[in-house]
There are 2 protein chains.
Amino acid sequence: MSNIFSDRINDVPKSFIREILKVTVDRSIISFAGGLPNRDLFPIEEIKEATTKVLTDDPKDALQYSTSEGYLPLRQFIAKRYLDKKGLSIDPDNILITNGSQQGLDLLGKILLNDGDDVVIEEPGYLGAIQALSVYKSTFHPIKLNDNGIDISALRDVTSKFNVKLYYSVPNFQNPSGITYTDANRQEVASIISGSRTLLVEDDPYGELRFMGSEKRSFMHLISENTVLLGSFSKIVVPSFRIGWIVARKDVMDKLIVAKQAADLHTNYFCQKILHEYLTNFDVDTHIDKIREAYRSQREAMVSAMHKYFPKGINYTEPEGGMFLWIEMPEGVSSLELFNRAIEKKVAFVPGDPFYVNKSGVNTMRLNFSCVDSATIDIGIKRLAEVINEMM
Amino acid sequence: MSNIFSDRINDVPKSFIREILKVTVDRSIISFAGGLPNRDLFPIEEIKEATTKVLTDDPKDALQYSTSEGYLPLRQFIAKRYLDKKGLSIDPDNILITNGSQQGLDLLGKILLNDGDDVVIEEPGYLGAIQALSVYKSTFHPIKLNDNGIDISALRDVTSKFNVKLYYSVPNFQNPSGITYTDANRQEVASIISGSRTLLVEDDPYGELRFMGSEKRSFMHLISENTVLLGSFSKIVVPSFRIGWIVARKDVMDKLIVAKQAADLHTNYFCQKILHEYLTNFDVDTHIDKIREAYRSQREAMVSAMHKYFPKGINYTEPEGGMFLWIEMPEGVSSLELFNRAIEKKVAFVPGDPFYVNKSGVNTMRLNFSCVDSATIDIGIKRLAEVINEMM
C-alpha cells in the first residue's frame, strides 16, 4: 500500500524528549531531563476524600455522559479564582474544560489555522505547542526570548511583514527557558498586537508557581479581545486527571465547543467532579504554597551549584517560578554531544534542539528542578560541570 | 475583526441533537431522543472499590503523567478479550487508548485525510463521525443501509469511481438505525475492499450488547490489513471516564501515537487504572448480561407497542442489540414536523435529518430504548402513534 497519510501528520516532529527519557530510566542517573511535577507533593488524602464524596453523593450523575463545555461549577470556580487572584472578570460561559492545556492548543489550531497561516512562537519554544500547531501546517516565525521576555523589535518586524493569526506565548516561567516577560515587555507586546486580528495565546500552566519576584499582568488585562488564556490543574493539583481549560471571547468559544464535541464529546466528567470537590473542600492555596516552597528551595540549590561549579562562559536563567531553567554554553558547544557524555557520568538533561523550529546542534539545554532533592541536585550539577569542563 | 477561523471548522455541522435534547429536559416528556446508557445499571459499588484500591496501592503513580499509548495492562486486557471473545490475535502495541471512540475518529481523520479525500459513510450515518470527519474536509459518499447491511452495488460503484481513503462503518446495531451487517454482507464488503488502499473503520461501541441472533465476524477477521477497530467502555461500564481504544496496524498506529501526543498527551490515567482494576477484579461479563437483559426487554416493549399502535405504512427496524431503532414513514411525511407535534403530546425522538450528509426534511427518525422502562415505552409509543395517525 502506498502512503495513505495526510500531509499534515507527515509534518509533525516526533517527540525527541520521549526518546531522551527512555535513556534516563536507569535509576543510577540523576535526571534533570523530565518535566513532571513532584509526585511527593500530590494531595493524595484530599483526593481520596473528594473521590469518596463524589461516588457517594450522586454516583449515577458522576459516571454518565456530560456536556462538551465542562462541569459548570468547575468553570464557575475557575472564573471566581481569576477574579480573586487577578481581578479578571470572566464569564464561566467563556471557559471550556479541556484534556489538559495541550488539548487547548490542538483545538485552537483546528479552529484557526489554514495551511500556511502565520504563527509566532517563542525561541526557544514549548515543544508541545510546536507539535500541536505543526499538525495544522502553520508557518512558524520563531522570535527570540531575552531576559525581559520576547524580542520586541523582531516581533514588530514579523507582525508588520506577515498577517499573524496566532502568537503562542508562555509569559510566566516559560517552558523550556524559565523566562518571565516583564510588565514593560508585556505592554510593548500589547501595543503591537492591539487592534490587529492576531490572537495571542497566553499559556499559563506555571503561573501560580511563583516563588520570588512580583506577579505580572496578564495579557487578558491588557488586550482582552486579542487574548486567549490556557490554564491547567496539572501542575498545582494532579496531572493524571488531564484537566485544563481555555478562556476565549464568544465567537472563538462557539467554534471551540464545536471542535471539542467533534474531538471527544467532553472531558472526563468523573474527574471534573472530583477536582471541583477537592477545590471547594480543601485549601488549594495552602497546597500551592507547599509546592512553591519545595520548588523554590530546589531551584536555589540548582542555581547555587551552578554558581559554584560551572566554568566562566556558561549562562543560565534564574527563574522566578515554575519548574525549568535554561543553560547557554559558548557558541559551537553541542548540547547533544554533551548529553551523550553526561549520560556516561550519570546525569541527564534535555538538549535544546527540540525547542527550536528550525535549528539543530544548538548550544543550549533545559534542566528541570521540580523532581530532585537539593542534595542530589548539588551532586548532579557537579557532574554536569565536569562534563562541560571536559568539553570546553 | 474579520473572519479569523479556519475553513475546516466552518464546514462542521453543529449538533442538532444538542438542540433537540434541550427541548426534552421537561420531565413530563417521555424521551426516546437521548443516546445514553441506562444509568441505573452502572456498577457503582464495584467502581468505588476499584477506585479505593487504586488510591491505596500506588496513588503517586495513579495521579502522575503517563504514556500517550495508554496503560499497558489495560491494553493487554483488551487484547486478551479480543482473543477470548472473537478469536482475534491482537498485539497490545497495536492498541491505543483514546478519550472515548469519538477521539479515535478525530485522530484517524487527522492522520489520514487531506482536503477533499473520499470517505464512504453509511446512510443514515453516525452523527459523531460526520462531525469528526467534516473537520478534515472530507468528501462524503453516503451509501444506503438496507436490512442486510450496506448496499453492495452502491459500494462497488463508489469504490470503482473514487479513490476511497476511509470507509466508516458501524456493522453491529448501528447508530442510528439499529441495523447489523449480515455475514454475507460483510464477506461482500471485504471482497470489494481487499487489496485496495481503503481503510475500513469498524466502530463497535455496541457489539457486546447483542441480545438476540448470532455473533457476526469482525472485518478484522476478513481483511485485517484494511481494518481499523474502534472500541469503547462507555456502553458496557461507564461513559464519564471517556475511555475507548483504536486497534490499527503498525504504520497507522505510529502516526496515531504522534497525533494523540499532539492532541492531549494522553488519556486520563487515573481512570484507566480504575477501569483496569474493575475489569480484573469483577466479572464484567455478568455485568454486561444484566445490561443486555434490560435492553432486550425494553426493545421488546418498543417493538410490540409499535406493532400494536402504529398504522400501516410505517416501517421500523428490529435490532438484535444496541440501544436504537429506526422508523421510516411514508414519503413526504416530515419527521421534523412530526417532532414539533410530538413534543406537544409529550413524547420525543430524534428526527432523521442530522444523520444524513446532504438531505433534510426526511421521513425517518431514531428512537432510543435504553433509558425508558417498558411500561413507559408503551405509553410513549402510543402517544407517538397518535401523532403519526394525525399526520397521515
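By convention in this document, chain letters (A, B, ...) are assigned in the order of the sequence lines, proteins followed by strands, and residues within each chain are numbered from 1. Because only heavy atoms are used, hydrogens play no part in the values below, and waters and symmetry mates are left out as well, while side chains stay in.
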Can you tell which of A:L112, A:I9, A:L63, A:T98 has the highest number of heavy-atom pairs within less than 4.5 Å of chain B?
A:L63

Could you check if a side-chain atom of B:R242 sits within less than 4.5 angstrom of a side-chain atom of A:Y65, using non-hydrogen atoms only?
yes

So which of A:V135, A:N268, A:D61, A:D117 has the biggest tally of heavy-atom pairs under 4.5 Å with chain B?
A:N268

Suppose a student defines contact as a heavy atom less than 4.5 Å from any heavy atom of chain A. Which residues in residues 50-59 of chain B would they list?
B:T51, B:L55, B:T56, B:D58, B:P59

Bottom line for B:I274: the part with an atom under 4.5 Å from chain A's heavy atoms is side chain

For B:Q102 versus A:A262, what's the shortest heavy-atom pair and its separation?
NE2-O, 2.9 Å

Salt bridge (Lys or Arg N to Asp or Glu O under 4.0 Å) partners for B:D203, two or more places apart:
none

Among the options A:G100, A:P37, A:A132, pick out the one with the most heavy-atom pairs lying under 4.5 Å from chain B.
A:P37

Where the side chain of B:S240 meets the backbone of A:Y269, is there a donor-acceptor pair that is under 3.5 Å apart?
no

Honestly, the part of B:V252 sitting under 4.5 Å from a heavy atom of chain A is both

Let's test your reading of the structure: which of A:R8, A:Q103, A:Q64 forms the most heavy-atom pairs below 4.5 Å with chain B?
A:Q64

If you look only at pairs with a residue in residues 126-138 of chain A, which of them pass as a salt bridge (Lys or Arg N to Asp or Glu O under 4.0 Å), with sequence neighbours excluded?
A:D115-A:K137

Given A:T267, A:L107, A:N99, A:D106, the one that forms side-chain contact (heavy atoms from CB on, under 4.5 Å) with B:D264:
A:N99

With a 4.5 angstrom heavy-atom cut-off, is it the side chain or the backbone of A:A62 that approaches chain B, or both, or neither?
backbone

Kindly list each side-chain donor-acceptor pair under 3.5 angstrom involving residues 38-47 of chain B, sequence neighbours excluded, with atom names and distances?
residue	atom	partner	partner atom	Å
B:N38	OD1	B:D40	N	2.9
B:N38	ND2	B:S370	O	3.0
B:D40	OD1	A:K60	NZ	2.9

Ranked by heavy-atom pairs below 4.5 Å to chain B, first place among A:N114, A:D7, A:N10 goes to A:N114

Please rank A:L113, A:I111, A:L105 by heavy-atom pairs under 4.5 Å with chain B and give me the top one.
A:I111

